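Written below as structure tokens is the structure these notes are about.
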Number of protein chains: 2
Amino acid sequence: MSRPTMDTVAERAGVSRALVSLVMNDSPKVSDAKRTAVLQAAAALGYLPNLHARSLAQQRTKTFGIIINDIHNPFFAEVVSGIEAAADEHGFSVLILNGGRDPGRERRAVETHLQFQVEALILVGTRLDDDELEQASRVAPTVIVASGPDHPGVDTITANDTIGAALAVDHLVALGHTDIVHLDGGDNISSRPRAAGFARAMRAAGLEPRVVRAGDGEADAEAAVVQLVEEEAVPTAIFAFNDLLAAGVLDVLESAGLRVPDDVSVVGYDNTFIAQLNHMSLTAVDQPRRKMGELAVQTMLERIEDNRTKPTNLDLAPTLAVRGSTGPPRHDGTTR
Amino acid sequence: MSRPTMDTVAERAGVSRALVSLVMNDSPKVSDAKRTAVLQAAAALGYLPNLHARSLAQQRTKTFGIIINDIHNPFFAEVVSGIEAAADEHGFSVLILNGGRDPGRERRAVETHLQFQVEALILVGTRLDDDELEQASRVAPTVIVASGPDHPGVDTITANDTIGAALAVDHLVALGHTDIVHLDGGDNISSRPRAAGFARAMRAAGLEPRVVRAGDGEADAEAAVVQLVEEEAVPTAIFAFNDLLAAGVLDVLESAGLRVPDDVSVVGYDNTFIAQLNHMSLTAVDQPRRKMGELAVQTMLERIEDNRTKPTNLDLAPTLAVRGSTGPPRHDGTTR
DNA sequence: GGTAACAATTGGAGCGCTCTAACGCAATGG
DNA sequence: CCATTGCGTTAGAGCGCTCCAATTGTTACC
């Protein structure tokens, strides 16, 4: 008692398999009588079309493959929402695979998606290098949602990190800070451009940039901040790679007996709901996540339907959400 | 210039298509010479097997379909990690679809998965009713990861809500609280059993349970708490349906000028990283999420490979993580 | 009444793969 | 020297669907 196929439905409705196919793809050239007969038979049998067979016959899947770099990070959730909404609107399905912040896993995820014949790849954050990206993009159009260096042939949707970092730095400088440390994102693809933006904004303000390697998870804050504390090199302000890291920073600072923002100001990046919680009240750079997801879909559609060939690199402008984790530095210039 | 197929590879390697198939499924009965020839040809052409064709021919997909009720909720992320790890170990792939906390979308997600011929459905949280669940489970074995009423024919992996609620209530009672309100999960599938567990634990302690309808997102706290404040019915302790809701509760209490835990103690559920952040420091019931994901896979494998037919209902024991959001009530018994 | 035009329906090839049965060929043994 | 075994290989049918070309049925027009 396996699942009913088109032939089962056809037989029950007393028509040919081709006619059932026409009904399933609601073609206009089917008589009402036969249409209802087919639909009834299908419903009675609980018939569901086999997508594998359809894809094979049709030579297309109308499906996008999404790979999320880190399913734990709320930043990605909203990008995915944007992608899903836009894809849905254009009759595309969306398959999600988890990169797990691990290049090996992500590589396998790409391969799985390609084997599934997805029509485009949307990488929401990525850990892959240029070669791998280029290779993937030769098989299916690929777009990266996240900032990072431009890749040949690969489309990108970014929110400008230079502007974002400048927003954070200028805000802190305006409050009177001069000793600002950036905790970078480690292996994250956006780590470099964001750190570069920070350095540039600092120099523009006549200040010396200090960057400490960290990572893109809340756990990555520990080592970096503890080191600063032990070296007695705690600055008056910390600009963290993202909200998760910033949340970790708040934790560690608190454990070390430092108060935010009295002793240290903290700025996050992404403005996820973590930053928005009153209890966190984290000043953070905001990226238009949903919009970025929507644009990713649009970009891929241009490749697929209008066969655009030159790469697109859309760069959106971030904004700053000011909250309670930033304030003027202590007058004596120390952190204690 | 479309993608190479098995025939392309076969021709280039000077063998038959069947031989290529054998190599791809690394059959032992292929000579080393031909094997390397095929692998070389495949690599040179960038050949990737077409999963649709394979699924069709093989009449199986080795794939699980996951539906996440709310991709924003960090609780689910870890369950998914557990599922992925266990599935991977058994050579199964995992397809993730987002239910978006909306029954309609979830229904379509189920249908999509079934059309993809997934061999089992894993619903991580669900908004579907008994009928729909039963219907799905007739097409493919289905397991629900989340507490809720038992469903006929549907397997469930739960962490016992009665115990969980009792842990929370007993903790609060031990601190001296007598006026405890539960904010329930609204439409969430686990809403009822958790509320029931609360009521039971309260009565066992000789107290009258008060339950206020809320929801399972941080935004759902607003209306419920504001109402309590306006009615001057703020209890000395609030037991929230989950961490997200608890986070919202902390927000609203703070805006209302109430201090946690001095004026009101708050307990969450799930013990996600939100609860663990020092800044939130939320006392919360902990469910063994990863384990639950692993067990879900195991349960489905028993159905598929060992064709078990009687439903499994695994119920794990939650624990309580005590943190800073709970403390003894004020002596005067008021909240201010 | 014959033919053209159109609408509704169907047969059948083919999408890329797997899998069974059969085949060729060397090695083995009587 | 021929039958037997077994290994490595292949031909070909079939998985469930789509889509083109062909067929039938109906109406319109001269």
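We name chains A, B, ... by the order of the sequence lines, and we start the count at 1 in each one. Here the structure is a predicted model, which is why all the values come from computation and not from measurement.
One interatomic measurement links the two molecules: CG of B:Leu19 to P of D:dG8, which rounds to 11 Å at whole-angstrom precision. Rounding to whole angstrom units, CD of residue A:Gln58 and C1' of D:dC20 are separated by 15 Å. Per the geometry, CZ belonging to B:Arg54 stands 20 Å off C1' belonging to D:dC17, to the nearest Å. Taking atom CG of A:Leu51 as the reference point, atom C1' of D:dG16 lies 11 Å away to the nearest angstrom. Atom-to-atom, CZ of B:Arg60 to C1' of C:dT18 comes out at 14 Å; the value is rounded to the nearest Å. Atom CG of A:Asp32 and atom C1' of C:dA7 are 13 Å apart (whole Å). Atom NE2 in A:His52 sits about 12 Å away from atom C1' in D:dC15, given to the nearest Å. When rounded to the nearest whole Å, the span between CG of B:Asn25 and P of C:dT20 equals 12 Å.
Between B:Gln59 and D:dG16 there is a side-chain polar atom (N or O) within less than 4.0 angstrom of OP1 or OP2. In this structure, A:Asn50 does not reach the D:dC15 phosphate: none of its side-chain N or O atoms is under 4.0 Å from OP1 or OP2. For A:Ser21, a side-chain nitrogen or oxygen approaches OP1 or OP2 of D:dT18 to under 4.0 Å. Contact annotation: A:Ser55 side-chain N/O to C:dC15 OP1/OP2 distance is not under 4.0 Å. Contact annotation: B:Thr5 side-chain N/O to C:dC15 OP1/OP2 distance is not under 4.0 Å. Contact between the side-chain N/O atoms of B:Ser16 and the OP1/OP2 oxygens of D:dT10 is found at a separation under 4.0 Å.
A:Ile144 pairs with exactly one of A:Leu133, A:Leu128, A:Ile67 by the side chain to side chain contact (heavy atoms under 4.5 Å, CB included) rule, that one being A:Leu133.
Here D:dT10 is the nucleotide among D:dT10, D:dT9, D:dT18 with the atom lying nearest to any side-chain atom of B:Ala18. Closest approach to the A:Lys29 side chain among C:dA8, D:dC19, D:dG16 is made by C:dA8 (side chain taken as heavy atoms from C-beta onward). Taking the side chain of B:Val30 as heavy atoms from C-beta on, and the options C:dG16, C:dT18, D:dT9, the nearest nucleotide is D:dT9. Listed nucleotides D:dA11, C:dT9, C:dT18 differ in distance to B:Ala57; the shortest reach to its side chain belongs to C:dT18.
Side-chain contact annotation: A:Asn313 with A:Thr156, donor-acceptor N/O pair under 3.5 Å present. Side chain to side chain, A:Glu84 and B:Asn98 meet the donor-acceptor criterion of an N or O pair below 3.5 Å. Of the N and O atoms on the side chains of A:Glu106 and A:Thr126, at least one donor lies less than 3.5 Å from an acceptor on the other residue.
Comparing A:Val20 and B:Pro28 against DNA chain D, the residue whose closest nucleotide sits nearer the 5' end is B:Pro28. Along DNA chain D, the nucleotide nearest B:Leu22 and the nucleotide nearest A:Leu48 are compared for position; the residue whose nucleotide lies closer to the 5' end is B:Leu22.
Between B:Phe64 and B:Phe92, the two ring planes are parallel [angle under 30°; tilted spans 30° to 60°].
With hydrogens and angles left out, the side chain of A:Arg17 and the base of D:dT18 share a donor-acceptor pair within 3.5 Å.
No more than 12 heavy atoms of other residues, nucleotides or ligands shown are found within 6.0 angstrom of NZ on B:Lys291.
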